[in-house]
Protein chains: 2
Amino acid sequence: MAAGENITIKDIAEKCGVSVTTVSRVLNDKPDVNDETRSKVLKVIEESNYRPNGMARSLVINQTYSIGLIIPDINNPYFPEVARGVEDQAQNSSYSVIFSSTDNKLEREQEVIDLMLQKRVDGLIVSLSLANKDILKRLESKKIPVVQLDRRIPDSIYPAVMIDNQRSAYNAVKFLIDEGYKRIAHITGNLQTVPGQDREDGYRKAILDNDLRLAEDMIIEGDFSKQAGYDAMNQMIERGNLPEAIFAANDMMALGVLEACRQAEIRIPEDLVLMGHDNISISNLVYPALTTMAQPKYKLGREASKMLIDLINIKQKKGSLEKEDLFADQILETKLVKRSSTARF
Amino acid sequence: MAAGENITIKDIAEKCGVSVTTVSRVLNDKPDVNDETRSKVLKVIEESNYRPNGMARSLVINQTYSIGLIIPDINNPYFPEVARGVEDQAQNSSYSVIFSSTDNKLEREQEVIDLMLQKRVDGLIVSLSLANKDILKRLESKKIPVVQLDRRIPDSIYPAVMIDNQRSAYNAVKFLIDEGYKRIAHITGNLQTVPGQDREDGYRKAILDNDLRLAEDMIIEGDFSKQAGYDAMNQMIERGNLPEAIFAANDMMALGVLEACRQAEIRIPEDLVLMGHDNISISNLVYPALTTMAQPKYKLGREASKMLIDLINIKQKKGSLEKEDLFADQILETKLVKRSSTARF
DNA sequence: CTGAAAGCGCTAACAA
DNA sequence: TTGTTAGCGCTTTCAG
């Protein structure tokens, strides 16, 4: 109650009748402290409810034990799980995480990175908009540890933790083919993005590898939004030329397909089977539950966090961070999750 | 490329041939600097790509411009939107936010608060597990600005930003009554929590106020989980005594009800109308779309953030924070969102 | 309008 | 085993 003032290491030292150095030593678990002294100091610390000032400490050791997480939008169903993975792993090493949503706006990305740099975060986990290599270049020249998440900016030396979108899409389509479907349509993601492009490539490759006919009118361009899926499905309905199966580039679009089908009284999976990608939590809650390729979202976050902290440790040890110190990209596997939307009995 | 070393205010001062004081002045937009000097310094800063060290600054001004956000789980569909609100508002005032998930574990709450206190966050937005008043008491004695979010720990002096759960539930049930339903069941939330209790109270009050029969077997205890909703619905089905309408204490449980009904071939809304609470994003994506009471999640986050920053400013100005400085609770309105699950044509 | 000097709370040689 | 002394990079009196 009494004072509002923060109590400092000096206060503790005085109360114990020792020097601040000694207190600092017990605070940091250094050897070379008499057991009696140590326990006395510990006792006073405990009684005073003292917490060392992290900023003062950071200032001298030149390390803040915080990392920045920069993503498009924490509200996007993909990211909360990733964020949780980042956080859990960070906590393991006593790091805190500062997060920021950018809405893929270049300007915002710039701002928040600047802010974090001023706060002297030890490193950054970023999911940046494409063609933003300038920012990364600046980071490189400052030797800031960075790992990219989910997306990879071509041209950057920083490692990425992500999935193999092409391979994953390939496997999705391969599954559909193995189930016996031949006329398989694809609703693409935003083709301005690498995942959008790669997933389409995977679709094409799977069709060709399996000697099916690659019909361009079976590929409809979307943009990862639910509306795009809805529109694409209606387009197919109008054309009166329904496929046997649809692979939507993500779950959100698949939900749009679902809605359009419901309105047109097309039954899924009886009349048409449907598959998404990502396994966002919703996909198991809709009816029929969506078959999809599950991204290991939590693990992506965890691994990115782990890699970043490793990088930070290397930098601390060597006193700098060179290109050779950076790790290779880490590609995690997606997993097929079979649910009712492809289940014909 | 050259050095990895961070450039400091001293470097800038030397390059300009002025003192660090002067550089500091232009950095902080102080008056009393010759225009020529100012622009020269600005130029050098720009050229050197210099960013002042926030920690050093914080150490002397005793303010970090970061706030902590402590929630049960960023993965819970309720929180990402709240978090985004907190962040957007914080950003407006150039604050960063450090977040942590606690899974409602007392021990974790303790840990992360300690960590944030060491980092000297300027204030905290918390959504703590019940009966955790000890933590808040400690915070009070340290004069840390805190605002509670979504939940309010009884006994704490800290203000909360939340909704009126009882009133909201009341309005939900009132809507059902106005639609002409008389036999209305309620699946409760976790009754160990205040929102769980309050929503049940609201249900009871609405039934009684409108001269309907309050049947205890129409109230089934749940815990906010989808499974609980599923189980509750099946229990009603087994009893063979279906209500005309169900008010589930949250959307997740309503989803469970939906699934049970599908399996039992009970049609919604034709055979039974259903209503949830919260308006999590999923509720508009399932079929039939869920009627619900929408929590202003984004706004809750924003308002909490705003209130906290106001508190911080008061503390800075006065040099301390007293009980009288704290604001009153802020209660935001929920809003009825009508969708197909209650729409009979 | 500008600078010298002290100090924020801590750690890290270097002595003792 | 302990203490003295310098800083870390910045802001802020207080003099000029």
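Protein chains get the first letters and strands the later ones, always in sequence-line order, with residue 1 at the start of each.
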K.L.:
Please report the distance, rounded to the nearest Å, between CG in A:Asn28 and P in C:dA13.
P.N.:
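For the pair A:Asn28 CG and C:dA13 P, the rounded distance is 13 Å.
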K.L.:
Inspect the surroundings of CD in B:Glu47 and state if more than 12 heavy atoms from other residues, nucleotides or ligands are less than 6.0 Å away.
P.N.:
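Enclosed.
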K.L.:
State which of D:dG9, D:dT2, D:dT12 makes the closest approach to the side chain of B:Ser24.
P.N.:
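Among D:dG9, D:dT2, D:dT12, the one nearest the side chain of B:Ser24 is D:dT12.
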K.L.:
Report the C-alpha separation of A:Asp114 and A:Arg138 in whole Å, then their side-chain angles, then the decisive distance to 0.1 Å, and conclude whether the salt bridge (Lys or Arg N to Asp or Glu O under 4.0 Å) test is met.
P.N.:
CA-CA 11 Å; A:Asp114 260 4; A:Arg138 275 205 307 128; 3.7 Å; yes
K.L.:
Tell me the interatomic distance from B:Tyr65, atom OH, to D:dC10, atom P, rounded to whole angstroms.
P.N.:
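Nearest whole value for this atom pair: 16 Å.
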K.L.:
Starting at atom CD1 of B:Ile12, determine the distance to atom C1' of D:dT11, rounded to an integer number of angstrom.
P.N.:
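Nearest whole value for this atom pair: 17 Å.
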K.L.:
Side-chain N or O of A:Ser19 versus OP1/OP2 of D:dG3: is the shortest distance under 4.0 Å?
P.N.:
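For A:Ser19, the contact criterion (side-chain N or O under 4.0 Å from OP1 or OP2 of D:dG3) is met.
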K.L.:
To the nearest angstrom, how far is A:Gln63 atom CD from C:dT11 atom P?
P.N.:
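Whole-Å distance recorded here is 13 Å.
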K.L.:
Please tell me which of the listed nucleotides, D:dT1, C:dT11, D:dT11, lies nearest to the side chain of A:Ile61?
P.N.:
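Of all the options, the side chain of A:Ile61 is nearest to C:dT11.
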K.L.:
Would you compute the distance between atom CD of A:Glu109 and atom CG of A:Leu136 and round it to the nearest 0.5 angstrom?
P.N.:
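Here the interatomic distance stands at 9.0 Å.
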K.L.:
Looking at B:Ala160, is its backbone amide N or carbonyl O close enough to the side chain of B:Asp329 to form a donor-acceptor pair, meaning the two atoms are under 3.5 Å apart?
P.N.:
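Present.
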K.L.:
Rounded to the Å, how far apart are A:Arg57 CZ and D:dG7 C1'?
P.N.:
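Going from A:Arg57 (CZ) to D:dG7 (C1'), I get 16 Å.
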K.L.:
Does C:dC10 have its OP1 or OP2 closer than 4.0 Å to a side-chain nitrogen or oxygen of A:Tyr50?
P.N.:
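Yes, A:Tyr50 has a side-chain N/O under 4.0 Å of OP1/OP2 on C:dC10.
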K.L.:
How long is the line joining CG of A:Asp11 and C1' of C:dG9, in whole Å?
P.N.:
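Result: 10 Å.
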K.L.:
Quick check for you: among D:dT4, D:dG9, D:dT11, whose closest atom lies nearest to any side-chain atom of B:Val20?
P.N.:
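Selected nucleotide: D:dT11.
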K.L.:
Considering only side-chain heavy atoms of B:Lys30, which listed nucleotide, D:dT12, C:dT2, C:dC8, is closest?
P.N.:
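From the listed options, D:dT12 comes nearest.
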K.L.:
Whole-Å distance between C:dC1 P and B:Asp29 CG?
P.N.:
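These atoms are roughly 15 Å apart.
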K.L.:
Nearest-nucleotide wise, let me know which of A:Thr21 and A:Pro31 is further upstream toward the 5' end of DNA chain D.
P.N.:
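So the residue in question is A:Pro31.
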K.L.:
Can you tell me the distance, in whole Å, between the CZ atom of B:Arg120 and the P atom of D:dC10?
P.N.:
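So the two atoms are 21 Å apart, to the nearest Å.
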K.L.:
Under 4.0 angstrom, heavy atoms only, what part of the nucleic acid is A:Ser58 near: base, sugar-phosphate, or nothing?
P.N.:
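No contact.
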K.L.:
Check every strand shown and say whether A:Asn62 touches a base, only sugar-phosphate, or nothing at a heavy-atom separation below 4.0 Å.
P.N.:
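It contacts nothing in the nucleic acid.
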K.L.:
Select one nucleotide: of C:dC10, C:dT2, D:dG9, the one nearest the side-chain heavy atoms of B:Val60.
P.N.:
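Comparing C:dC10, C:dT2, D:dG9 against the side chain of B:Val60, the answer is D:dG9.
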K.L.:
Looking just at side-chain N and O atoms, do A:Tyr298 and A:Asp88 make a donor-acceptor pair shorter than 3.5 Å?
P.N.:
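Present: a donor and an acceptor within the cut-off.
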K.L.:
Applying a 4.0 Å non-hydrogen cut-off, can you work out what A:Asp32 is touching in the nucleic acid: base, sugar-phosphate, or nothing?
P.N.:
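Since a base atom lies under 4.0 Å of A:Asp32, the category is base.
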K.L.:
Side chain of A:Pro52 only, please: which of C:dC10, D:dT2, C:dT2 is the nearest?
P.N.:
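Of C:dC10, D:dT2, C:dT2, C:dC10 is nearest to the side chain of A:Pro52.
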